Amino acid sequence: MEYALAYDINCFNTGSSLDMCQAMNVLYSRGNYGIEAFQDGFILLAKNYNHTPVYFTPISLINNFTAISHKHNGSMINLYPQVMIPGLYYLNITFPNGTNPYNLHNINITARSVNETTNVTYSGVHILNGISILHLQFRIDSFFDVPLVELSLPESYYGHTMFVSMLGPTL
């Protein structure tokens, strides 16, 4: 097989014991298939492809979010992209009216899908523009169908509205 094409990978049944997301992960993780194209939920893997995708539109989620109550006296913001592919993602949080972000060591990012949960690590927290914007990075190494990205924050953020953008991936 030279190519594998998937759209909204949770919707397809491959006719085997693997769903489409699992099948794409198997092909990609073996290292002999690469992402040739990604656009609006369409993913094209090509055999022996190890270059930058020829057609690629990154995920871009930008909106105001209010932190909601979360278990263990915390708060959280949830992001719901259509599908996530392997790569490096960027998450930027702008705090309103000069609110000072604090307890930064208590911020956690979790990305999960219907079939798997993965705690993703971020490479660092950078505070710019007078401590009003947090720039975070995290990497995922597999395809996620019906993904949820949770940003867990300390309880003190509950009810605060923040401008959040998630962009990526860079491959």
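What you are looking at is a predicted structure, and each value in this text was computed from that prediction instead of being measured.
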ILVMFWY cluster, Met166 and Leu148 together (side-chain gap under 4.5 Å):
no

Closest non-hydrogen atom pair between Pro169 and Pro86, with its separation:
CG-O, 3.8 Å

In terms of hydrophobic clustering (I, L, V, M, F, W, Y; side-chain heavy atoms under 4.5 Å; direct or indirect links), are Tyr3 and Leu5 co-clustered?
yes

Out of curiosity, Met24 CE to Ile43 CD1, how far, rounded to the nearest 0.5 Å?
5.0 Å

Mind checking the CG-CG spacing from Asn25 to Leu45? Nearest 0.5 Å is all I need.
9.5 Å

Name the one of Leu167, Thr170, Ile140 that satisfies side chain to side chain contact (heavy atoms under 4.5 Å, CB included) with Leu88?
Thr170

Flag the pair Leu91 / Tyr89 as yes when at least one side-chain heavy-atom distance between them is below 4.5 Å, and no otherwise.
no

Student check: side-chain heavy atoms of Met162 and Ile77 closer than 4.5 Å:
yes

How close do Val83 and Ile59 get, heavy atom to heavy atom, and via which atoms?
O-CD1, 3.0 Å

How far does CD1 of Ile93 sit from OG of Ser165, to the nearest 0.5 angstrom?
9.0 Å

Please determine whether residues Met84 and Phe65 belong to a single hydrophobic cluster, defined as Ile, Leu, Val, Met, Phe, Trp and Tyr linked transitively by side-chain heavy-atom distances below 4.5 Å.
yes

Group every Ile, Leu, Val, Met, Phe, Trp and Tyr by side-chain heavy-atom contacts under 4.5 Å, then state whether Leu61 and Phe138 land in the same group.
yes

Which distance, rounded to the nearest 0.5 Å, do you find between the CG of Asn63 and the CG of Leu79?
9.5 Å

Heavy-atom closest pair, residues Ile35 and Pro53
O-CG, 3.4 Å

Is the centre of the Tyr33 ring less than 6.0 Å from the centre of the Tyr49 ring?
no

First locate atom CG of Asn32, then atom CG of Asn50, and finally report the distance between them rounded to the nearest 0.5 Å.
11.0 Å

Within a strict 4.5 Å, meaning less than it, do heavy atoms of the Phe163 and Ile62 side chains meet?
yes

Find the distance between OG1 (Thr57) and CD (Gln39) and round it off to the nearest 0.5 Å.
3.5 Å

Give me the ring orientation class for Tyr28 and Phe143: parallel if the planes are under 30° apart, tilted from 30 to 60°, perpendicular past 60°.
perpendicular

